[in-house]
Amino acid sequence: MSMNSDIEKVLFTKEELADKISEMGKAISRDYKGESLLLVSVLKGSVVFMADLMRAIDIECQIDFMVVSSYGNDTVSKGNVKVIKDLDIDLKDYSLLLVEDILDSGMTLNRLKQILSLRQPKSIKVCTLLDKPARRKADINADYKGFDVPDEFIVGYGLDYAEKYRNLPYIGILKPEIYSTDM
Ligand code: IMP
Ligand code: MG
């Protein structure tokens, strides 16, 4: 079966994503001029966005990756965060930009922000491609945001359901019958 037939509705095409990310890259390049910018991506959902965003930034920057405990195959956040793979870089003097695919409850990112601020970077900000404000539980907002999305299960462009659909080049709403059958 084709992945496309599991999608109820396309929210953002490849072209719409590219235009938005180009704008975000320009804003970040302007705001971080003269600083030691470190982009931190939380694996795995944000890798596709990270790869495109870093090439839309035209000032010097570095990248690093973290792995934290996540949903598994569940669609509801547990809110507990465990660092499974830490950063390689000492954060002192860096301006950190946390790059996320989607800000949902915000529990994960909020905890991560707390953990990383203890290492005293120069600043920490959040850049998310998608924001689902209806589901927010933690007191956290994005400093850079691509698009707001409705309270539906979204896949594609890095976002998965049970590790699938990450390689879709667009973002869409997954048909509810796909995930309701395994719950
Ligand atoms: P939070 O802690 O609830 O904000 O969880 C955010 C993480 O949950 C994201 O980085 C995604 O990996 C995952 N997530 C949240 N909503 C969705 C969705 O609609 N589709 C796929 N993954 C999602
Ligand atoms: Mg993620």
Side-chain angles (χ1 to χ4, degrees), residues 3-14 16-17 20-21 24 39-54 63-87 96-117 124-183:
M3 288 189 293
N4 297 308
S5 60
D6 295 347
I7 303 302
E8 184 166 271
K9 185 180 171 209
V10 174
L11 289 179
F12 310 110
T13 63
K14 198 174 162 180
E16 288 167 328
L17 291 168
K20 181 63 77 175
I21 292 163
M24 294 173 89
L39 303 175
V40 172
S41 151
V42 183
L43 294 175
K44 306 173 209 171
S46 61
V47 282
V48 180
F49 176 42
M50 175 77 146
D52 284 342
L53 181 69
M54 64 188 282
I63 62 168
D64 206 347
F65 296 90
M66 281 186 94
V67 177
V68 298
S69 61
S70 64
Y71 288 17
N73 292 350
D74 204 341
T75 53
V76 185
S77 182
K78 304 287 191 299
N80 48 0
V81 173
K82 196 169 131 203
V83 176
I84 293 161
K85 187 233 169 268
D86 209 334
L87 298 174
L96 237 68
L97 190 56
L98 303 178
V99 176
E100 262 287 17
D101 47 357
I102 185 166
L103 192 51
D104 188 47
S105 73
M107 302 293 277
T108 317
L109 210 57
N110 201 37
R111 274 297 292 141
L112 201 59
K113 231 180 143 179
Q114 289 167 350
I115 293 165
L116 296 176
S117 39
I124 305 190
K125 286 190 175 175
V126 172
C127 175
T128 190
L129 179 60
L130 306 176
D131 192 359
K132 220 191 250 183
R135 305 231 322 157
R136 194 77 86 255
K137 280 192 274 174
D139 180 23
I140 186 164
N141 281 303
D143 299 286
Y144 300 91
K145 155 162 82 172
F147 301 98
D148 279 330
V149 291
D151 188 8
E152 311 261 14
F153 203 78
I154 311 288
V155 292
Y157 197 75
L159 289 121
D160 71 307
Y161 169 65
E163 297 299 325
K164 292 190 291 187
Y165 309 104
R166 292 194 197 276
N167 57 323
L168 280 178
Y170 58 87
I171 287 176
I173 298 174
L174 188 63
K175 286 181 180 165
E177 63 258 36
I178 305 290
Y179 55 84
S180 54
T181 53
D182 343 322
M183 278 167 61

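Read the numbers this way: they start at 1 and go in the same order the structure lists the ligands and their atoms.
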Does [X] have a heavy atom less than 4.0 Å from any atom of ligand 1?
X: Glu152; result: yes
X: Val155; result: no
X: Asn110; result: no
X: Ser105; result: yes
X: Leu109; result: no
X: Lys132; result: yes

Could you tell me whether some N/O pair between Ile154 and ligand 1 is separated by less than 3.5 angstrom? yes

Return a yes/no value for Phe153: is any of its N or O atoms, backbone included, closer than 3.5 angstrom to an N or O of ligand 1? no

Please examine the side chains of Asn4 and Tyr170, heavy atoms only from C-beta on, and report whether any two atoms are closer than 4.5 Å. yes

Can you name the atoms of ligand 1, numbered from 1 with element, that are less than 4.0 Å from a heavy atom of [X]?
X: Thr108; answer: 1 (P), 2 (O), 5 (O)
X: Gly106; answer: 1 (P), 2 (O), 3 (O), 4 (O)
X: Leu159; answer: 20 (N), 21 (C), 22 (N)
X: Glu100; answer: 10 (O)

Okay, side chain of [X], backbone of [Y]: is any donor-acceptor separation there less than 3.5 Å?
X: Asp143; Y: Val126; answer: yes
X: Thr13; Y: Glu16; answer: yes
X: Lys175; Y: Ser5; answer: yes
X: Lys137; Y: Met107; answer: no

Shortest non-hydrogen pair, Ala51 vs Met54, comes out as O-CG, 3.4 Å

Shortest non-hydrogen pair, Met50 vs Leu39, comes out as CE-O, 3.4 Å

How about CG on Asp151, more than 12 heavy atoms from neighbouring residues, nucleotides or ligands closer than 6.0 Å, or not? yes

Heavy-atom nearest option to atom 23 (C) of ligand 1, drawn from Ile102, Val68, Asp160: Ile102

Is the Lys NZ or Arg CZ of Lys20 less than 6.0 Å from the centre of Phe12's six-membered ring, within 45° of the axis? no

